[in-house]
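Nothing here was measured: the structure is a model prediction, and the numbers come from that model. Both backbone and side-chain heavy atoms feed into the values below; hydrogens, waters and symmetry mates do not. For reference, positions follow the sequence shown, starting with 1.
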Amino acid sequence: MNPAAVSGYLVDLQNRIVAELERVDGKSFRRDSWEREEGGGGESRIVEEGGVFERGGVNFSRVQGERLPQAASASRPEVAGRAFEAMGVSLVLHPRNPFVPTVHMNVRFLVARKADSEPLWWFGGGMDLTPYYGFEEDARHFHRTCEAALEPFGRDRYPRFKRWCDEYFFLKHRNEPRGIGGVFFDDLNDKGFDHCFALARSVADHFLPAYVPIVERRRGLAYGERERDFQAYRRGRYVEFNLVYDRGTLFGLQSRGRAESILMSLPPVVKWRYDWKPEPSSPEDRLYRDFLRPRDWVSDE
């Protein structure tokens, strides 16, 4: 186990992703370093009112504490009460054009320590896509790139992590998925540190190939107030998920991380409507009918 190697990789990952996103957007990301009173800190890279991204952030953090927050120990009671070190890169991008999907990616590493015991460690992460208007070409490209990231680590990994993503990014109170999914994994520590670290790196390194071609295809499409209005409505679902269910958001807030950096995932313009339904056979209805449901995007033509 080598936390220093993970931290070094994550810092480089943040730099590489931001450099490419600045090329795509045409605007430099703001750098905002912060420290945490209990130990550790990080750097947020934020863009607002860019050429493509209405708001986006690519955050690195490495924090320590005396007691692991409940959000991280709920599914692992054996680590409750342990001291911890947690590090990761997390990003969310909210494009202005409603035909360009919102995207989320993160990769993280946690170590839980206790006197006279071996440290317990695990990786987590993944990426998922949230379109407002569906394009099957984009969905297949995103999922096939996710599959390629996991293929070297076993043929069972992609279908397992894809199903996990579908189940995790689901708004139970709405009985609907947040988007079209991708891959998600947590508590990964089987087959040793080197294997798990390589898998996490592969997922993170495939983010740009998964997302940037979609941005380039859709960024120039014309849109109007109708599309922007629907985008704002669907962004409300994103807010609901992040504030009610998201483990990363809950962990950050429970560990007293920097709220501005944690909540950078929230979109700048959002709308809610009472009991709204899309017009039958409309493009908005097609999103619900054809995209907001589990599908085998890799082989489904």
Are [X] and [Y] side-chain neighbours, meaning at least one heavy-atom pair lies under 4.5 Å?
X      : Y      : value
Leu292 : Leu287 : yes
Val111 : Leu120 : no
Ile214 : Val100 : no
Arg140 : Val298 : no
Phe60  : Val11  : yes
Arg295 : His143 : no
Pro3   : Trp121 : no
Phe109 : Ser7   : no

Show me the pairs that pass salt bridge (Lys or Arg N to Asp or Glu O under 4.0 Å) and involve [range], at least two apart or across chains.
range            : result
residues 190-199 : Arg157-Asp190
residues 6-15    : Asp12-Arg16
residues 264-283 : Asp229-Lys271, Asp229-Arg273, Asp275-Lys277

Arg235/Glu54 under salt bridge (charged side-chain N to carboxylate O under 4.0 Å, His left out): CA gap, chis, key distance, verdict: CA-CA 13 Å; Arg235 280 174 170 179; Glu54 191 170 15; 2.8 Å; yes
Derivation and outcome, side-chain contact (heavy atoms from CB on, under 4.5 Å), residues Glu48 and Arg55: CA-CA 4 Å; Glu48 292 183 307; Arg55 189 180 195 197; 3.3 Å; yes
At what distance, to the nearest 0.5 angstrom, does [atom1] of [X] lie from [atom2] of [Y]?
X      : Y      : atom1 : atom2 : value
His104 : Phe184 : NE2   : CZ    : 8.5 Å
Asp128 : Cys146 : CG    : SG    : 9.0 Å
Arg30  : Ser44  : CZ    : OG    : 9.0 Å

Verdict with reasoning, Glu284 to Arg226, per salt bridge (charged side-chain N to carboxylate O under 4.0 Å, His left out): CA-CA 10 Å; Glu284 293 79 14; Arg226 171 183 176 139; 2.6 Å; yes
Output a table of donor-acceptor pairs, distance under 3.5 Å, between side-chain atoms of residues 164-172 and any protein atom two or more places apart or on a different chain; print 'none' if there are none.
| from | atom 1 | to | atom 2 | distance (Å) |
| --- | --- | --- | --- | --- |
| Asp166 | OD2 | Lys162 | NZ | 2.8 |
| Tyr168 | OH | Arg247 | N | 2.8 |

What's the shortest heavy-atom distance between [X] and [Y], and which atoms?
X      : Y      : result
Asn59  : Arg45  : OD1-N, 3.7 Å
Ile180 : Ala139 : CD1-CB, 3.5 Å
Phe99  : Ala222 : CE1-O, 3.2 Å
Phe153 : Ser202 : CE1-CB, 3.7 Å
Gly179 : Pro131 : CA-CD, 4.4 Å
Tyr9   : Ala204 : OH-CB, 3.3 Å

Is it true that [X] and [Y] fall in one hydrophobic cluster, defined by side-chain heavy atoms closer than 4.5 Å?
X      : Y      : result
Val269 : Trp276 : no
Leu221 : Phe53  : yes
Leu243 : Val270 : yes

Would you mind writing out the side-chain donor-acceptor pairs for residues 88-96 within the sub-3.5 Å range, not counting sequence neighbours?
| from | atom 1 | to | atom 2 | distance (Å) |
| --- | --- | --- | --- | --- |
| His94 | ND1 | Thr102 | OG1 | 3.1 |
| His94 | NE2 | Ser265 | O | 2.8 |
| Arg96 | NH1 | Gly50 | O | 3.0 |
| Arg96 | NH2 | Glu49 | OE1 | 2.7 |

Side chain to side chain contact (heavy atoms under 4.5 Å, CB included) partners of Pro159, counting only residues at least two apart: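 Side chain to side chain contact (heavy atoms under 4.5 Å, CB included) check on Pro159 returns nothing, list empty.
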For [Y], is the NZ or CZ atom of [X] found under 6.0 angstrom from the centre of its six-membered ring and inside 45 degrees of the ring axis?
X      : Y      : value
Arg108 : Phe123 : no
Arg201 : Phe197 : yes
Arg218 : Phe135 : yes

Strictly under 6.0 Å, is that where the ring centroids of [X] and [Y] end up?
X      : Y      : value
Tyr133 : Tyr223 : no
His173 : Tyr245 : yes
Tyr233 : Tyr132 : no
Trp297 : Phe142 : no
Phe161 : Phe185 : yes

Worked verdict on Glu22 versus Lys27 for side-chain contact (heavy atoms from CB on, under 4.5 Å): CA-CA 6 Å; Glu22 287 179 335; Lys27 183 175 181 178; over 6 Å; no
Side-chain donor-acceptor pair present, Ser299, Asp296, cut-off under 3.5 Å: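 Side chains of Ser299 and Asp296: pair found under 3.5 Å.
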Side-chain donor-acceptor contact under 3.5 Å, Arg228 with Asn97: no
Steps toward side-chain hydrogen bond (donor to acceptor under 3.5 Å, both in side chains) verdict (Asn242, Arg237): CA-CA 9 Å; Asn242 278 27; Arg237 301 297 203 259; over 6 Å; no
Worked verdict on Val24 versus Glu216 for side-chain contact (heavy atoms from CB on, under 4.5 Å): CA-CA 8 Å; Val24 170; Glu216 301 287 19; 4.0 Å; yes
Criterion salt bridge (charged side-chain N to carboxylate O under 4.0 Å, His left out) on Glu85 and Arg113, from CA distance to verdict: CA-CA 8 Å; Glu85 181 177 19; Arg113 295 185 171 90; 3.7 Å; yes
Arg289, CZ: over 12 other non-hydrogen atoms inside 6.0 angstrom: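 Yes, because the 6.0 Å sphere around CZ of Arg289 holds more than 12 heavy atoms from other groups.
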Flag if over 12 foreign heavy atoms under 6.0 Å of CD, Glu176: yes
Step-by-step side-chain hydrogen bond (donor to acceptor under 3.5 Å, both in side chains) determination, Asp285 to Ser282: CA-CA 5 Å; Asp285 182 56; Ser282 67; 5.5 Å; no
Working for side-chain contact (heavy atoms from CB on, under 4.5 Å), residues Cys196 and Trp122: CA-CA 8 Å; Cys196 295; Trp122 64 96; over 6 Å; no
Full working for salt bridge (charged side-chain N to carboxylate O under 4.0 Å, His left out) between Glu147 and Arg144: CA-CA 5 Å; Glu147 181 188 45; Arg144 285 171 178 167; over 6 Å; no
